Amino acid sequence: MKLPKAYQPQQYESDIYALWEKSGAFRPSDAKTSYSIVIPPPNANGNLHIGHVLTGALEDIAARFHRAKGESVLFLPGSDHAGFETQSVYEKQLAKAGKSRFDFSRDELYNQIWDFVALNRDNVQSQMRSMGLSCDWQHFTFTLDSKIVKRAFETFKSLWDDGLIYRGERLVNFCTYHGTAFADIEVIHKEEPGHLWYIRYPLVGSSDSLIVATTRPETMLGDTAVAVNPDDKRYQKYIGKTVKLPLTNREIPVLSDSFVDMNFGTGAVKITPAHDINDFEVGKRHDLPFISVIDYEGKMTNVHSKYLGLSVEEARKLVVDDLKEQGSLVKVEKHKHSVGHCYKCDTVIQPLLREQWFVDIDKLAKEAIAVLEKNKITFYPEAKKQQLISYLNGLHDWNISRQIAWGIPIPAFQNVDNPSDWIYDESVNQEIITIEGKTYRRDSDVFDTWFSSSSWPYATLDFPSSAEFKKFYPLSLMETGGEILYPWVSRMLMLGLYVTKDIPFKSVYIHGYVMAEDGSKMSKSVGNVIDPIPVIKQFGSDAVRMGIIWGRSPAVNRGYDQRRVEEARNFCNKLWNIARYIEGVDSNQLNRGETKAVTEADNWILNKLSVVMVNMLSNMDSYRFSEVFEELYHFVWDDFADWYIEASKINPNKPLLDYLLESTLIMLHPFAPFVTEAIWQTLNIDSGSILATKTFNEMLSYDKNKAKQFDKIQSLVAEVRSTMKLLGTNKADLYFEDSKLLAVNQDLIKRLAKVQKVNEGRGGSLKLNNSAFRCWLSVDQAVTVKYASELKAKQVKLNELISQLDNRLSNKAYVSKAPERLVEQTKNQLNQAKHELETIADEILRFKAN
RNA sequence: GGGUGAUUAGCUCAGUUGGCUAGAGCACCGCGUUUACACCGCGGGUGUCGGGGGUUCAAGUCCCUCAUCACCCACCA
């Protein structure tokens with residue numbers, strides 16, 4: 001025997017992966033039909049976690065499945081520089097060494113992070129190999145590779161040329177700790193308890209005053225107006241008047257704007273255009289001055305010297321104290337409100353004025369929505385499509401400037417003598433350039449990561465003219481997690497449509513999260529992140545993959561469950577032992593040479609196999625990974641091992657066993673690539689070939705009637721088994737009458753049903769009533785008493801069923817409206833139940849007579 | 001404030017266009033050692049499909065409503 005008793009994954013996995021790579025098994029073939037997946041690149045800065053097994057396994061299953069269908073598959077791996085994410089990780093390291101980013105220039109920092117990332121990149125790749133991912137490593141792409149950078153530049157340029165990019169001074173979400181701006185989506189809003197301060201603003205030239213309510217009193221130092229609703233009768237007389245801003249000498253206008261909610265606070269709102277997004281809009285509409293009173297470090301600026309340089313919190317306290325002292329503070333209420341925080345360091349995000357590059361989103365979003373509404377892209381689950389549409393509908397212009405070092409520099413230069421003169425230039429390795437005698441300075445900012453990664457589906461394929469782009473674009477599948485539906489999927493769609501004039505992918509599959517075992521979210525700070533590598537070492541890569549995808553539906557979060565992994569490990573071993581059994585079957589047995597079905601069982605298993613194959617093809621088309629796996633699992637374990645192999649011990653058909661094993665290995669390979677290949681190689685099935693490149697077997701023909709005969713044998717066996725268990729005996733003989741099928745299969749039934757003898761002819765004291773045959777069991781008189789009570793219970797149940805079926809059939813509406821086959825089926829059931837009931841009634845009478 | 005999803009066996013969850021007496025794995029109970037496998041085999045399920053209402057011949061599945069939980073989005077000063 002070449003196969004040892006149990007499958008030991010550790011002994012095979014790395015050799016097998018090396019074999020695959022060496023043989024070029026993962027290179028796209030020449031086949032015309034193509035299938036493509038580009039991996040959502042994991043961060044290059046750390047380790048993969050167990051969630052990556054889910055995403056990787058799903059992609060790999062799809063890739064291997066399509067390879068087995070004979071398609072040319074491109075499964076492209078990559079890793080992500082992950083701009084700000086990675087910089088924060090690196091900054092934490094710096095902090096440990098007692099340094100900070102301010103100790104270095106941006107270029108120095110960039111180079112350091114480059115080295116830091118390079119250390120980790122191989123690690124991630126080797127982890128992906130451990131998971132068995134069948135990626136084409138020759139296509140490996142890093143998000144700072146020149147083709148990705150070049151694509152970002154060109155996209156920026158064409159957006160600029162088309163007037164879809166502008167530089168503007170707008171309010172941005174600014175983290176004063178990290179010193180950079182964020183897109184709206186990167187800000188985490190939290191509901192927090194706060195206060196509502198009511199402040200009196202006296203009218204100029206009158207003893208009257210207006211009272212405004214605010215949650216951020218310190219920003220009053222930057223107020224440039226007070227606004228009321230034009231329909232608010234209380235305040236109409238004040239519109240156009242002027243109030244005096246307390247704590248300052250400034251006088252500011254009272255104006256009307258319909259954005260003001262008459263029912264909130266006092267109905268009069270202080271307007272701080274430089275520090276509040278609504279106020280900013282009001283300021284623009286009414287042409288107000290913009291006074292920044294908070295700087296990029298979160299300190300007070302442009303204010304009276306007593307507040308200058310204070311933090312926002314300190315200033316708030318002092319302003320409130322001063323207002324109180326002045327008598328301007330009318331009252332304070334407790335108030336819950338939503339506050340934006342940096343998603344990385346939790347610092348309160350300040351809306352600050354800053355010049356940034358913005359993408360005008362309107363047209364891009366509209367086109368994306370149109371494509372979605374026309375169902376050009378299939379979503380799994382479908383609900384995600386509608387969510388994406390809603391998101392796109394509410395999208396604001398997109399700030400793509402980041403004030404960090406780690407990222408792709410923005411290829412724009414500013415005229416040092418004329419700040420409004422910006423030009424596009426790709427010489428970003430220079431800080432200063434001279435063109436036509438004018439000196440320009442490079443924008444020191446870098447692109448938002450999502451701006452460059454939006455091109456991932458086509459930049460990786462060398463858009464626009466490569467053969468690969470033509471063959472593999474749009475991608476067949478974008479498989480990713482729900483957390484990046486908005487930041488990434490939406491942008492790949494918008495910019496993909498803009499750049500390539502085509503959808504970037506045909507399907508989007510959103511997986512759920514692998515939660516911790518108790519159902520909570522895995523997080524580094526809680527320390528409940530599961531590292532897949534030790535689990536793979538313990539149970540094998542296949543077991544972890546199958547254990548994780550098993551029973552998971554798209555977009556449903558679910559805890560990691562090690563028991564599933566153990567079960568999957570057992571399943572690998574089951575498969576191993578099926579192979580081991582077949583290996584040991586004497587090849588000089590019957591039917592040597594010709595692969596065809598002979599017995600009822602042979603036909604039956606071929607029928608099962610073809611049903612599984614058909615279902616697999618259709619279910620994989622709609623990415624029902626778990627259903628496909630579960631069906632294969634039950635085919636292998638229940639049908640193949642428990643029934644067919646057991647039956648084949650009576651009538652061995654070695655060529656058919658070989659065929660079944662081969663077909664099963666091919667079908668299961670996408671789910672369990674290592675163990676299937678290990679068996680394939682060890683037994684040298686199909687001399688020297690590699691399973692990973694095999695296509696599905698042709699289905700053998702079989703006789704459906706013969707297959708059905710085995711169903712009958714199966715149910716007889718099941719009835720004998722359960723009856724004997726019920727009686728608590730393992731010693732019984734089976735008698736039968738009038739059945740050629742049973743006569744031929746006496747040995748088989750004896751073995752499967754575990755009776756002592758099978759005899760043709762009348763005999764035995766206990767009639768079986770479920771099966772399609774006239775059969776009796778001979779058992780001791782003593783145990784039949786127990787059986788009688790069981791029969792009575794069965795009688796009750798059958799009566800219930802019969803009346804149910806009777807009712808259904810006497811319902812005219814059912815008979816006339818339900819499909820014919822259902823009505824027919826119901827009739828058959830009724831007849832069968834009645835027949836069974838009669839048999840049981842006879843038996844009960846007989847027992848009474850005894 | 002808006003939106004989405006969930007609620008099915010002790011546990012974790014399937015159940016696609018409505019259609020067999022609603023399933024899987026685990027757990028649990030019993031029996032078992034036979035040409036592979038104890039990481040095994042055989043047998044064992046009385047579930048108000050969250051509550052209520054509706055549509056239909058037929059509802060776990062479609063509609064309405066209520067309850068609970070989870071997540072997402074949002075500029076109420």
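Every chain is numbered from 1, with letters handed out A, B, ... down the list of sequences. Please read these numbers as outputs of a predicted model, since none were measured by experiment. Atoms considered below: every heavy atom in the structure, side chains included; atoms not considered: hydrogens, waters and symmetry mates.
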Intra- and inter-strand pairing of RNA chain B, written as dot-bracket with Watson-Crick and G-U pairs under 3.5 Å and | for the latter, reads (((((((..((((.....[...)))).(((((.......))))).....(((((..]....))))))))))))....
Please confirm whether A:Tyr12 and A:Phe674 have ring centers closer than 6.0 angstrom.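 No, too far apart.
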Once you round to the nearest 0.5 Å, how far does CD1 of A:Ile578 lie from OG1 of A:Thr664? 7.0 Å
Rounding to 0.5 Å, atoms CG (A:Asp279) and CG (A:Leu288) come to a distance of 9.5 Å
With [atom1] as the reference atom in both, quote the distance from [N] to [M] in angstrom, rounded to an integer.
| N | M | atom1 | value |
| --- | --- | --- | --- |
| B:rA59 | B:rG51 | P | 15 Å |
| B:rG45 | B:rU4 | P | 42 Å |
| B:rC66 | B:rG2 | P | 13 Å |
| B:rG30 | B:rC20 | C1' | 30 Å |
| B:rA58 | B:rC69 | P | 35 Å |
| B:rG5 | B:rA77 | C1' | 33 Å |
| B:rC42 | B:rA6 | C1' | 38 Å |

List the residues meeting side-chain contact (heavy atoms from CB on, under 4.5 Å) with A:Ser715, not counting sequence neighbours, and say none if there are none. none
Is there a side-chain contact between A:Arg721 and the phosphate of B:rG43, meaning an N or O under 4.0 Å from OP1 or OP2? yes
Just by modelled atom types, is the A:Val815 backbone N or O under 3.5 Å from a matching donor or acceptor in the A:Arg808 side chain?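 Between the backbone of A:Val815 and the side chain of A:Arg808 there is no qualifying donor-acceptor contact (under 3.5 Å).
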Under 4.0 angstrom, heavy atoms only, what part of the nucleic acid is [X] near: base, sugar-phosphate, or nothing?
| X | value |
| --- | --- |
| A:Asp642 | sugar-phosphate |
| A:Gln825 | base |
| A:Gly267 | base |
| A:Glu583 | nothing |
| A:His275 | nothing |

Upstream residue (5' side of RNA chain B) when A:Lys649 and A:Ser553 are each assigned their closest nucleotide: A:Ser553
Which comes earlier along RNA chain B counting from the 5' end, the contact point of A:Lys817 or that of A:Leu801, where each point is its nearest nucleotide?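 Of the two residues, A:Leu801 wins.
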So which heavy atom on A:Ile679 is nearest to which on A:Leu665, and how close?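 Looking at all heavy atoms of both residues, the closest pair is CG2-CD1, 3.8 Å.
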For A:Arg552, all residues meeting side-chain hydrogen bond (donor to acceptor under 3.5 Å, both in side chains), sequence neighbours excluded: none
